[in-house]
Amino acid sequence: MRLSRLRAGRFLSACGGYSTGDASSKFAALAAAAGAAGAVIAAGRDRRSELPKPWLRCEVPEHMAAVAPKPIDLPLGSKLVMSADCGGTTTRLMLYSVNPNDEIVPKQEAPGTLISEEKYPNIAFKSLQDIVRTFLTQDCHLPGDASVTVAVFALAGVPMNNQVRFTNLDWFVKGSEIEEEFKIGKVELINDFVAQGYGMLTLGDKEVRKLNDVDPQPGAPICCVGAGTGLGQCFLVADPSTGEYRCFPSEGQHGDFGPRGAGSDEQQLDMLKYLKIKYSGAGSRISIERVVSGTGICNIYEYLAFRHPDRVDKEIHKAHLARPKDAGIIAANMKPGSICEQAMKIFADCYGAQCGTFSLYVQPFGGCYLTGGVTQKNAQWLLDEGSFMDAFYDKGRLTGVLRQVPLLIVNSDDMGQKGAHLRAVKLLKEEVKNQARRLFDKLDINKDGVLKAGELKALFQVVGNQLGPDRDTLAEKLLGELDADHNGEISFDEFLRGFYKVPSKLIQDSPLRTSEAEAPAPSWKREELVAPPDRGNDAESQAQLAEVLRQFQSRSRRQYIDPFEAKNAPVFQTVLWKSYPKEDRMKEDTWLRRQYWINTIGAICYHSVTENKALLYCSKKDLAYGEITEIGYDETACKHWIFKLQPKPQNGTTLAPTEFAASTKEIYEAWLTQLRKLQKEAQEEIAKGLL
């Protein structure tokens with residue numbers, strides 16, 4: 001079989017010299033060269049043989065050759081940042097293009113243009129790395145010189161030393177391993193509620209509702225308390241010199257629950273005894289989260305139903321037993337005098353008391369923000385009923401302190417995503433500056449804090465002929481372009497402005513990605529980390545998971561195949577254009593050009609250029625009762641001859657239909673003929689028990 005060679009990517013597109021005077025290209029060359037040779041200069045040793053090769057090559061079967069999808073056009077100077085919201089059952093990944101020079105404005109979303117966003121069911125993958133790999137290699141169409149500079153993962157767990165156990169699958173994740181595998185400059189693992197805390201900094205005035213008339217004090221500490229499925233807490237402190245806030249995690253919600261009650265009222269004390277029996281395996285205490293959360297509302301209801309069986313509404317109780325972790329059932333049935341209403345009042349009282357206690361710890365005169373699904377769904381009730389506010393201020397002689405704390409309910413439900421992105425942008429600014437400093441220090445032979453033409457010439461001399469015969473002239477021109485004050489020297493600030501234009505991949509693939517002096521974080525064993533909470537098992541979460549899984553399976557036809565195996569040889573093969581779902585047919589970017597073929601056993605296969613692999617679209621059996629729809633000639637579309645195919649797997653999975661376009665009527669009719677023939681054969685073989 002004849003083989004064709006596809007270039008997987010170039011190290012540098014113009015290493016042979018420059019004639020255009022493009023400053024960014026020259027600076028990219030400098031960065032690439034210094035990344036490989038900067039250490040050589042500092043050490044005084046010549047290691048030219050270790051410089052990267054101009055490009056890498058890979059071999060694929062000739063019938064697999066295809067045209068790559070049009071890559072995303074990244075603006076000059078922009079960097080890629082990835083943020084993630086990783087819950088117990090699903091993971092949402094977002095990729096942004098961000099200019100590090102763009103300013104972060106308070107009460108606004110962090111700068112950046114969203115490039116790609118996907119949600120994945122964790123159960124469909126073996127690890128978080130598998131999800132990241134799928135996202136970057138299959139769902140993001142990036143140019144060859146693009147690489148993620150920083151990534152922030154907000155996880156439902158307790159990160160320690162940038163390591164965490166999370167999800168109901170109990171995955172063990174290390175930030176350093178993600179950095180190494182995907183060549184990311186910096187990966188930071190944060191608690192999902194810390195992301196909520198950063199998200200508060202992006203909220204505008206219309207995205208919050210005041211519970212009192214106190215205005216936030218600029219620069220004062222801020223705290224966030226959120227009742228959802230569980231209870232979350234965090235706090236933020238401003239840097240005295242810059243005013244920038246840093247968010248810190250808190251696991252105070254796992255502190256001991258303290259019963260309250262006036263005089264001889266021992267109801268909450270009695271409830272504590274009930275919960276200690278219910279959770280007898282949890283030790284000799286009950287955490288606040290067992291009461292102040294969606295699950296806590298259900299616990300309170302169950303206690304009241306146990307204590308007052310004569311007041312139980314049988315229909316409501318039946319619904320509760322069917323969905324024992326669904327607090328919405330109790331909240332929706334708060335009839336006056338009912339135990340559902342009483343349960344919600346006890347919850348509100350304990351919630352207010354906990355917010356008051358945390359506010360005494362932190363003294364958040366910048367604001368105490370209330371968030372979480374339970375809070376938002378019952379915001380007006382909490383405001384009107386009064387138990388929450390009464391308990392919040394019930395702190396004896398320190399009540400006066402709490403009257404200076406602004407109380408606000410957050411209306412937005414995407415604070416975690418906004419916060420993870422904000423933290424990623426903050427991290428990007430830090431990391432790019434650190435990378436620039438590492439490169440600058442390698443070039444600064446004399447260690448005097450400035451670069452001179454002679455030092456640049458020395459670097460280019462080490463690189464040798466890769467920069468052409470005019471390398472000395474190039475060094476002088478580069479110096480002139482970066483030397484903003486024209487004093488013959490480049491300061492670090494001048495150098496940093498040029499460094500922003502260096503393609504990220506040149507840095508990520510070089511030793512400059514990490515500091516040689518940076519000590520690795522201590523590695524913890526899995527059993528030394530906090531076990532993940534058991535979340536997402538309620539009916540609503542499971543229904544959401546089922547929908548995400550269905551959507552993923554409907555768009556995921558990613559079973560790899562061996563193109564050299566005899567059964568995968570093509571018997572019918574052409575180029576087809578596949579449309580992206582719900583996109584405009586009139587736009588060129590809607591259509592992805594691929595090589596499709598039917599193999600010897602009747603399966604439809606294709607070649608993914610982004611992964612450089614052969615994949616199965618559907619099996620012959622999946623096509624047996626699938627739908628083949630003729631659309632025909634569409635003069636309004638970019639690709640005119642269109643048909644639709646929707647396989648139907650025998651396992652009951654529903655796959656979304658895919659639109660394909662052929663370049664000519666003949667190819668269009670040939671595919672329809674082949675598909676119908678294949679479908680008829682599959683039906684007959686199934687009837688005979690052969691398939």
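Computation of the quantities below employed the complete heavy-atom set of this structure, encompassing side-chain atoms and omitting hydrogens, waters and symmetry-equivalent molecules.
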Discussion item. The test is side chain to side chain contact (heavy atoms under 4.5 Å, CB included); show your working for Leu155 and Asn191 and say whether it passes.
Written reply: CA-CA 5 Å; Leu155 307 108; Asn191 176 262; over 6 Å; no
Where do [X] and [Y] come nearest, in terms of heavy atoms and distance?
X      : Y      : answer
Cys605 : Ile561 : SG-CD1, 3.5 Å
Lys119 : Thr90  : CE-OG1, 3.4 Å
Ala227 : Ser293 : CB-CA, 4.4 Å
Gly197 : Cys234 : CA-SG, 3.7 Å
Lys639 : Ala661 : CB-CB, 3.3 Å
Leu128 : Cys86  : CD1-SG, 4.1 Å

Nearest 0.5 Å please: distance from the [atom1] atom of [X] over to the [atom2] atom of [Y].
X      : Y      : atom1 : atom2 : answer
Phe358 : Gln233 : CZ    : CD    : 4.5 Å
Glu244 : Leu236 : CD    : CG    : 12.0 Å
Thr149 : Ile184 : OG1   : CD1   : 9.0 Å
Ile115 : Ser97  : CD1   : OG    : 5.0 Å
Arg585 : Ile642 : CZ    : CD1   : 4.5 Å

Worksheet item: Between Asp622 and Cys618, is there a donor-acceptor pair closer than 3.5 Å when you use the side chain of the first and the backbone of the second?
Response: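 No.
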Practice prompt. Could you give me the CA-CA distance, side-chain angles and deciding distance for Tyr617 and Thr658, then say whether side-chain hydrogen bond (donor to acceptor under 3.5 Å, both in side chains) is met?
Written response: CA-CA 10 Å; Tyr617 174 78; Thr658 303; 3.2 Å; yes
Worksheet item: Between Phe235 and Tyr369, does the ring centroid distance fall short of 6.0 Å?
Response: no
Item to complete: Step through it carefully: locate the ring centre of Tyr245, locate the ring centre of Tyr198, and say whether they are under 6.0 Å apart.
Response: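 Ring centres of Tyr198 and Tyr245 not closer than 6.0 Å.
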For [X], does the [atom1] atom have more than 12 heavy-atom neighbours from other residues, nucleotides or ligands under 6.0 Å away?
X      : atom1 : result
Glu103 : CD    : no
Glu117 : CD    : yes
Asp205 : CG    : no
Lys433 : NZ    : no
Lys107 : NZ    : no

Fill in: Pair Ile409-Val208, side chain to side chain contact (heavy atoms under 4.5 Å, CB included): steps then yes or no
CA-CA 6 Å; Ile409 287 183; Val208 296; over 6 Å; no
Worksheet item: Taking the side chain as C-beta and beyond, is there a heavy-atom pair between Val150 and Val81 under 4.5 Å?
Response: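 A side-chain contact under 4.5 Å exists here.
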Item to complete: Apply side-chain hydrogen bond (donor to acceptor under 3.5 Å, both in side chains) to the pair Thr91 and Asn122, showing each step before the final yes or no.
Response: CA-CA 6 Å; Thr91 292; Asn122 296 334; 2.7 Å; yes
List, one per line, each side-chain donor-acceptor pair under 3.5 Å for residues 411-426, sequence neighbours excluded.
unit_1, atom_1, unit_2, atom_2, d
Ser412, OG, Asp414, N, 3.4
Ser412, OG, Asp414, OD1, 2.4
Lys418, NZ, Glu207, OE2, 3.1
His421, NE2, Pro111, O, 3.0
Arg423, NE, Glu188, OE2, 2.7
Arg423, NH2, Glu188, OE1, 3.1

Discussion item. One pair to check against side chain to side chain contact (heavy atoms under 4.5 Å, CB included): Glu251 and Val158. What are the steps and the verdict?
Written reply: CA-CA 9 Å; Glu251 295 297 331; Val158 184; 3.7 Å; yes
Worksheet item: Would Val132 and Phe153 count as a side chain to side chain contact (heavy atoms under 4.5 Å, CB included) if you check the C-alpha gap in whole Å, the side-chain angles of each, and the deciding distance to 0.1 Å?
Response: CA-CA 11 Å; Val132 174; Phe153 294 84; 3.8 Å; yes
